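Data first, discussion second: the structure below is written as structure tokens.
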Amino acid sequence: MRRLLRSFSFAFAGIGAGIRTQANMRIHVAAAIIVNVAGVIAHLERIEWLVIILMQAAVMAAELVNTAIEHVVDLASPEQQPLAKAAKDTAAGAVLILAIAAVIIGLIVFVPHIWP
């Protein structure tokens with residue numbers, strides 16, 4: 001049990017480090033707070049909440065994976081290398097695609113509540 005709790009503390013430390021050190025992660029957290037408040041005001045249905053929460057979690061998890069990839073690449077290749085840049089750019093691109101999808105899904109969920 002102690003080992004499990006320790007692993008959770010490492011995971012929470014990673015989330016905290018991501019929020020403290022990554023501007024994009026702070027943007028994702030702020031956006032999630034705003035969307036959640038809007039969802040309460042709009043009285044979202046259960047399925048709408050499920051989709052919104054899933055997208056928020058996916059974007060934030062992808063941002064954390066992107067950060068991990070950036071750290072590993074920087075550790076493995078402190079000097080600038082084309083492959084290191086490609087790895088970092090590709091990971092950032094994956095987050096961008098997911099964030100764009102989250103915005104589109106958010107519009108699909110919220111627009112009918114705003115303009116019925």
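In this text, all values refer to a predicted model and were calculated from it rather than measured experimentally. Atoms considered below: every heavy atom in the structure, side chains included; atoms not considered: hydrogens, waters and symmetry mates.
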List the atom pairs, with distances to 0.1 Å, where a side-chain N or O of residues 99-116 and a protein N or O form a donor-acceptor pair under 3.5 Å, not counting sequence neighbours.
| unit_1 | atom_1 | unit_2 | atom_2 | d |
| --- | --- | --- | --- | --- |
| H113 | ND1 | A42 | O | 3.4 |
| H113 | NE2 | E48 | OE1 | 3.1 |
| H113 | NE2 | E48 | OE2 | 2.9 |

Donor-acceptor contacts, no H, no angles, side chain residues 85-92, under 3.5 Å, sequence neighbours left out:
| unit_1 | atom_1 | unit_2 | atom_2 | d |
| --- | --- | --- | --- | --- |
| K85 | NZ | D89 | OD2 | 2.5 |
| K88 | NZ | D74 | OD1 | 2.7 |
| T90 | OG1 | A86 | O | 2.6 |

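Note on I33: it clusters hydrophobically with M60, by side-chain heavy-atom contacts below 4.5 Å among ILVMFWY residues. Connection of I34 to V59 is not established within any shared hydrophobic cluster, with ILVMFWY side chains joined at heavy-atom distances below 4.5 Å, either directly or through further cluster members. V35 and V51 fall within the same hydrophobic cluster, defined by Ile, Leu, Val, Met, Phe, Trp and Tyr side-chain heavy atoms under 4.5 Å apart, directly or through other members. I19 and F8 end up in the same hydrophobic cluster when Ile, Leu, Val, Met, Phe, Trp and Tyr side chains are linked at under 4.5 Å. Residues I27 and V29 do not share a hydrophobic cluster, defined by chaining ILVMFWY side chains whose heavy atoms lie under 4.5 Å apart.
Residue M25 comes nearest to G18 through the heavy atom pair CB-O, 3.5 Å, listed as atom of the first residue, atom of the second, then distance. Annotation for L98 and A62: closest pair CD2-CB, 3.8 Å, computed over non-hydrogen atoms.
With hydrogens and angles disregarded, a donor-acceptor distance shorter than 3.5 Å links the side chain of T67 to the backbone of E63.
Side-chain contact between L44 and I52 is present, with heavy atoms from C-beta onward closer than 4.5 Å.
Other residues, nucleotides and ligands contribute over 12 non-hydrogen atoms within 6.0 Å of the CG atom of L4.
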Report the C-alpha distance between Q22 and N66 in whole Å, list the side-chain angles of each, state the deciding distance to 0.1 Å, and finish with yes or no for side chain to side chain donor-acceptor pair (under 3.5 Å). CA-CA 10 Å; Q22 302 300 309; N66 177 50; over 6 Å; no
